[in-house]
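Chain letters run A, B, ... following the sequence lines, proteins first, then strands; residues in each count from 1.
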Number of protein chains: 2
Amino acid sequence: MLGQVAVNESHCHFRPHQFLAREDEQPESIFRIDEGWACRYRLLPDGRRQITGLYLPGDICEPHWALGKRPSQPIVALTNVRAARLSSTPHGSFSAETQQACWKNLAEVIERQTNWLVTLGRKTALERLAHLLLELFERMRASGLAYGQQCAMPLTQMEIADLTGLTPVHVNRTLQTMRARGLVELQSKWLRIPDLASLRDAAALTPNEMLV
Amino acid sequence: MLGQVAVNESHCHFRPHQFLAREDEQPESIFRIDEGWACRYRLLPDGRRQITGLYLPGDICEPHWALGKRPSQPIVALTNVRAARLSSTPHGSFSAETQQACWKNLAEVIERQTNWLVTLGRKTALERLAHLLLELFERMRASGLAYGQQCAMPLTQMEIADLTGLTPVHVNRTLQTMRARGLVELQSKWLRIPDLASLRDAAALTPNEMLV
DNA sequence: CGCAATATTGATTTAGCTCAACAAAGGTGG
DNA sequence: CCACCTTTGTTGAGCTAAATCAATATTGCG
C-alpha cells in the first residue's frame with residue numbers, strides 16, 4: 001500500500017535492543033518499518049519504564065519528526081527489524097507521497113494514544129491486556145500479517161507489562177486467567193483469538209473506539 | 001500571539017457542561033479558546049470516565065480536525081468559555097496562518113499525550129497530581145495567565161480525578177498531603193506553587209520532559 | 001434561606017505489587 | 001548433539017496504595 005522502493009530510499013536493519021533513534025538526536029531521516037517490531041519508551045529517574053508507542057510493519061517512525069520535532073524518546077528494536085530510510089532533501093522536506101503517509105499515520109497515532117490514555121487511566125489489568133492483544137491483532141491484520149484468527153506476537157511478558165503499566169508477574173497471572181476463559185491462545189510468540197467479539201467485550205472498549 | 005480577530009472569525013461562548021462538539025459530529029470549523037477551560041473525554045460502558053485532553057486559553061480545539069478527522073470524543077466546557085470559530089473555506093481548508101498554528105499545536109498535543117501515558121501507566125497518585133498541577137501552571141504561564149507563582153485552577157476534585165485516573169476521594173487525600181508538605185497551595189479555584197523545583201521533583205519527570 | 005454541588009473524614013476491602021524461588025526455553029560454543 | 005547459561009515464564013506468600021462505601025461538612029448560588 002505504501003508503494004515499493006522509491007527513488008531516495010535505502011534499507012537498513014536492526015537487531016533486538018538496537019536503537020533506531022536516541023533521545024535528542026537530530027533525525028536526518030524517518031523510517032518505514034518493513035519487518036519486525038520496535039517501540040519508543042520513557043524511563044523514570046528510578047527505573048520505571050513505560051512504552052509509549054509500538055511500531056509494526058508499515059508504520060512510520062516517527063511521523064512527527066517530519067513536523068520538525070526531534071526525538072524526545074529513544075526508539076528501540078524489539079525483534080529483528082528491516083526498515084526503509086525515507087530520505088529527505090537537504091532542506092529537510094520529504095516527497096509529497098511520504099508527507100501524505102506521515103499525516104495519515106500521525107492522525108492514527110493520536111487516536112491510538114488517546115485510546116491508551118483511557119486504558120491506562122481507567123481499566124483493569126484484564127481489560128488492558130485485552131485492549132493490547134486486540135490492537136496488535138487488528139494492526140497486524142490491517143497490514144496483511146494476520147492469518148485467519150492468529151498473528152505473530154513477539155513481545156515478552158516484561159514488554160507487555162511496560163506497555164500496559166502492570167508488573168510482569170501480574171501480566172503473567174492475568175494472561176493465565178484469559179487463557180482459562182478462552183479469550184486468547186498465546187504461546188511461543190504466537191497469538192490466536194478464538195472469538196473476537198468476546199475479547200472486544202473484555203477490553204471494555206467504548207462504542208466509538210476503533211483500534212486501528 | 002495568535003493574532004487578533006482575522007477576517008473569517010466569529011466568536012461564541014459556552015456555559016459549563018455545554019458541548020463544543022459531540023461524538024461523530026461533522027466539524028465544520030475548529031475553535032481557538034480565548035477564555036476558559038474545556039476538555040475532551042471518553043466514557044466507558046459502565047460509566048468510568050477518563051479526560052483525555054484539556055483545552056486552555058490559546059489552544060486549538062481540535063487541531064487534528066484540520067487533518068480531516070471527525071471528533072471521536074465529546075468536548076465540553078468546564079468553565080465559561082469564549083472561543084473564536086476559525087472558519088474554513090467551503091472546501092474545508094484553512095488559512096495558512098491557521099494551519100501553521102494547527103501543526104504547532106498538534107505536535108504539542110502528541111508530546112503531552114505521551115507524557116500522560118507515562119504518568120497514567122507508571123506514576124503514583126502524588127506524582128500524578130504534581131504532574132497535572134505543574135502542567136497547568138506552565139501552560140497558563142506560557143499564555144501569560146500566571147501571576148508570579150500562581151494561576152487560576154477551576155477544576156473540581158472530581159475532574160482532577162478523571163484527568164489523573166484516580167478517585168475523587170483519593171485526590172482529596174493526596175492533595176492534603178501535598179499541601180501539608182508545602183508542595184502546593186490550592187484553594188478557592190486558585191493555585192500557588194511555592195517552589196517549582198520541589199514540585200517538579202515530586203512529579204518524577206524524566207530529565208527530558210518539558211511540560212508545555 | 002435552602003438546595004445542589006463539592007469537599008472532607010473514617011472504616012474497610014481489594015487489585016495489583018513486591019519479594020523470592022524455581023522451571024522452561026532458547027541460544028552458544030565445544 | 002549436548003552442556004551450559006541467560007532470558008523468560010510460572011508459582012506462592014504477604015503487603016500496600018488506592019478503591020469503595022458511607023457519612024458529614026462546606027461552599028456557592030438562585
Requested in this report: Report yes or no: is the cationic atom of B:Arg49 (NZ for Lys, CZ for Arg) under 6.0 Å from the centre of the six-membered ring of B:Tyr41, at an angle within 45° of the ring normal?
Outcome: yes
**Report entry** Integer-rounded Å distance: C:dA7 P and B:Leu155 CG
**Finding:** 10 Å
Report task. For D:dA19, take OP1 and OP2 only and decide whether either is under 4.0 Å from a side-chain N or O of B:Arg48. Result -> no
Report task. Give a yes/no answer on whether the side chain of B:Gln176 brings an N or O atom under 4.0 Å of OP1 or OP2 in C:dT9. Result -> yes
Query raised in the report: Do NZ/NE/NH1/NH2 and the carboxylate oxygens of A:Arg48 and B:Glu127 come within less than 4.0 Å?
Result: yes
Query raised in the report: Contact class for B:Lys189 (heavy atom, under 4.0 Å): base, sugar-phosphate, or nothing?
Result: sugar-phosphate
Report task. Kindly check if the number of other-residue, nucleotide or ligand heavy atoms within 6.0 Å of CZ (B:Arg181) is above 12? Result -> no
Query raised in the report: Atom CE of A:Met158 and atom C1' of D:dT7: how far apart are they, to the nearest Å?
Result: 11 Å
Query raised in the report: Looking only at side chains, do B:Glu111 and A:Ser72 share a donor and an acceptor under 3.5 Å apart?
Result: yes
Query - A:Ser188 vs A:Thr174, nearer the 5' end of DNA chain C by closest nucleotide - result: A:Thr174
Report summary line: Separation of D:dA22 atom P from B:His170 atom NE2, nearest Å, is 20 Å
Query - Integer-rounded Å distance: D:dT20 C1' and B:Asp46 CG - result: 14 Å
Query raised in the report: Any side-chain N or O of A:Asn172 less than 4.0 Å from the OP1 or OP2 oxygen of D:dG9?
Result: no
Query raised in the report: Whole-Å distance between D:dA18 C1' and B:Asp162 CG?
Result: 16 Å
Requested in this report: Using a 4.0 Å heavy-atom cut-off across all strands, classify B:Thr167 as base, sugar-phosphate, or nothing.
Outcome: base
Query raised in the report: A:Leu166 has an atom CG; how far is it from atom C1' of D:dA17, in whole Å?
Result: 15 Å
Report task. Start with the C-alpha distance between B:Arg200 and B:Asp195, add both sets of side-chain angles, then the distance that settles salt bridge (Lys or Arg N to Asp or Glu O under 4.0 Å), and finish with yes or no. Result -> CA-CA 9 Å; B:Arg200 227 168 234 291; B:Asp195 180 11; over 6 Å; no
Requested in this report: Classify the nucleic acid contact of A:Thr124 as base, sugar-phosphate or nothing, counting any heavy atom under 4.0 Å across all strands shown.
Outcome: sugar-phosphate
Query raised in the report: How close or far is atom P of D:dA18 from atom CZ of B:Arg122, stated in whole angstroms?
Result: 14 Å
**Report entry** Residue whose closest nucleotide on DNA chain D lies nearer the 5' end, A:Arg173 versus A:Gln157
**Finding:** A:Gln157
Query - Distance, rounded to the nearest Å, where A:Gln187 contributes CD and C:dG26 contributes P - result: 11 Å
Report task. Name the residue closer to the 5' end of DNA chain C, choosing between A:Val169 and A:Leu126 according to the nucleotide with the nearest heavy atom. Result -> A:Leu126
Requested in this report: Tell me what A:Arg15 touches on the nucleic acid: a base, only sugar-phosphate, or nothing, going by heavy atoms under 4.0 Å.
Outcome: nothing
